[in-house]
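Only heavy atoms go into these numbers, but all of them, side chains included; no hydrogens, no water, no symmetry mates.
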Amino acid sequence: MTQPDSPTRRTLLRSGLGAAALLVPALPAAAAPAEFDAWRDGFRGRALAKGISQATWTRVMARLEPDMTVFKEMRNQPEFKEQLWQYINRRVSHWRVINGKAALAKNEALFARIEKDFGVERGTLLALWGVESAFGDPLVQQNHMRPVFPALAALAWNEPRRKAYWETELTNALKIVDRGWSTPEEMRGSWAGAMGHTQWMPEVWLNVGFDYDGDGKISPFGRPDDALGSTARYLVNRGKYHRGEHWGYEVRAPGNMSGSRTYAAWQAAGVTRADGQPFPQPNATAQLWIPVEGGPAFLLGPNFYSVKSYNPAMSYALAICHLGDRILGAPPFLQPFPGSERALTLAEVQEMQKRLTAAGFDTGGTDGRVGNDTMKAIRDFQAKAGLTPADGYGGLKVLAKLRQGG
């Protein structure tokens, strides 16, 4: 979810690409310089002028110290150069498929209600939820999230390129407290301020979120109703989601073809579904996309681009759409990407993490989830073991080397 000319919510949170594009102040991750107090005094007037109450200002900002570590986080965002098949394998992981099925079983009534109210497929929302917060796992909140007000205050005060953006988001966060929707203590998120089940920035919380569970407040925390219902509404309103249409299909496409036409017209031109099934809505429109020559081809409908509105990367949208299908029982892509290898099973990922940790490369846990800690451990192991490229991708080659004793 984005604003014009602002870093995207999810890009800032995970990819590191947005962060790498920002200039970082040459400041140590230490106590705030005296200049912060001067900035805070000036910001107070601007915040009160925008409707923030004096009581909320005093409660949140009067004694707040900036989280200076955000600048270190911006500098140190890990950069992993992934091929598309690696990107897909990491996000469409066995762990997410298993836990997505469990999340659906636990929240069947909620997803049925969302499908009725908004027409958004449950698979899409499950995949977004799984990628953004591991289905609301409290360990993600506990181990990887921080108080957002000190982080946003630091960025609003002294991030040189987007000070206005960060100040606006800090003001939005203060408005949330002012409205009684949350507390400063509850509002924990990424170093960039994204929060909750589907990682809302404060602007999204204010302008897109709504009270779907009827408890009198809007919250991306706790029960997932508000987060998932609001995300569905976002996909409809901002992403122009089409009720009743699937995002698209893996296809077999002869020759050099391109463009947009109906599924029926594509079929008449020789394009068929890879699984041999008919297109269920022949009059709906789709575009042909072959992301990697020699790899799988896809017909993409409007709902693929609705997901892309949530994060403007084609790779992200494909991962979300494929993960949603996999959670609902679909197989992996039938045409492999060139040079690809199958994704590790949950047990294999756990074995890899245990072997890496035993070899002195701390993965930050052995639960079968591959996050930045595990990827850094893999990259360090690859470099030491002479595996090239040292790209941080944990696959069959890395596991085989670990089994050989490194």
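You'll find the side chain of E186 reaches within 4.5 Å of the side chain of F221, heavy atoms only. N372 has its side chain out of reach of H144: every pair of non-hydrogen atoms, C-beta onward, lies at least 4.5 Å apart. R122 is not listed as a side-chain neighbour of I327, based on a closest heavy-atom distance of 4.5 Å or more. L323 has its side chain within reach of V97: a pair of non-hydrogen atoms, C-beta onward, lies under 4.5 Å apart. Within the 4.5 Å cutoff, the side chain of L170 has heavy atoms near those of the M61 side chain. Counting heavy atoms from C-beta outward, T374 and Q353 have side chains that approach closer than 4.5 Å. No side-chain heavy atom of Y393 sits under 4.5 Å from any side-chain heavy atom of V398. Residues H197 and P220 fail the side-chain proximity criterion, which asks for heavy atoms closer than 4.5 Å.
Formation of a donor-acceptor pair under 3.5 Å by the R369 side chain with backbone atoms of W95 is not found in this model. A distance-only check finds no donor-acceptor pair linking the side chain of D362 to the backbone of L356 [under 3.5 Å]. A donor-acceptor pair under 3.5 Å is absent between the side-chain atoms of Y234 and the main chain of G209, judged by distance alone.
Side-chain contact check for Q54 and T58: at least one donor-acceptor pair (N or O, by modelled atom type) lies under 3.5 Å. Side-chain contact of E121 with N303: a donor-acceptor pair under 3.5 Å is absent, judged by distance alone. A donor and an acceptor atom, one from each side chain of T56 and S53, are located under 3.5 Å apart. With hydrogens and angles left out, the side-chain atoms of D367 and Q350 include no donor and acceptor closer than 3.5 Å. A donor atom on one side chain and an acceptor atom on the other are found under 3.5 Å apart for W247 and D325. At a cut-off of 3.5 Å, with distance as the only test, a side-chain donor of E169 or N172 sits close to an acceptor on the other residue.
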Tell me which donor-acceptor pairs under 3.5 Å the side chains of residues 279-295 have, and how far apart each pair is, sequence neighbours excluded?
{"from": "Q281", "atom 1": "NE2", "to": "G244", "atom 2": "O", "distance (Å)": "3.3"}
{"from": "Q287", "atom 1": "OE1", "to": "Y305", "atom 2": "OH", "distance (Å)": "2.9"}

After noting the C-alpha distance and the side-chain angles of E250 and R273, does the key distance pass the salt bridge (Lys or Arg N to Asp or Glu O under 4.0 Å) rule?
CA-CA 6 Å; E250 183 187 356; R273 281 180 57 173; over 6 Å; no
Applying salt bridge (Lys or Arg N to Asp or Glu O under 4.0 Å), run through R146 and D67 and close with a yes or a no.
CA-CA 9 Å; R146 66 179 68 203; D67 181 353; 2.7 Å; yes
Test R355 against E351 for salt bridge (Lys or Arg N to Asp or Glu O under 4.0 Å), laying out the working first.
CA-CA 6 Å; R355 289 180 180 274; E351 179 189 350; 2.9 Å; yes
Decide ring-ring contact (aromatic ring centres under 6.0 Å, His included) for F71 and W191; before the verdict, give the C-alpha distance in whole Å, the side-chain angles of both, and the deciding distance to 0.1 Å.
CA-CA 9 Å; F71 302 119; W191 63 264; 9.3 Å; no
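The pair K384-D380 does not count as a salt bridge, with every side-chain nitrogen at least 4.0 angstrom from each carboxylate oxygen.
Under a cutoff of 6.0 Å and an axis angle of 45°, R243 and F118 do not form a cation-pi pair. At least one test fails for R162 against the ring of W166: distance under 6.0 Å to the centre or angle within 45° of the axis. In this structure, R113 is positioned above the aromatic face of Y212, its NZ or CZ under 6.0 Å from the six-membered ring centre and within 45° of the axis. Geometrically, R90 does not engage Y87 in a cation-pi contact defined by less than 6.0 Å to the ring centre and at most 45° from the axis.
Distance OG/S315 to NZ/K308: 10.0 Å, rounded to 0.5 Å. Within the model, atoms OH of Y310 and CG of L128 stand 6.0 Å from one another, a figure rounded to the nearest 0.5 Å.
Residue F298 forms a ring-ring contact (aromatic ring centres under 6.0 Å, His included) with just one option from W266, F304, F333, and that option is F333.
Ring centroid separation for the pair Y249 and Y263 comes in under the 6.0 Å cut-off.
Residues passing the ring pair (Phe, Tyr, Trp, His ring centres under 6.0 Å) test with H94, sequence neighbours excluded: none.
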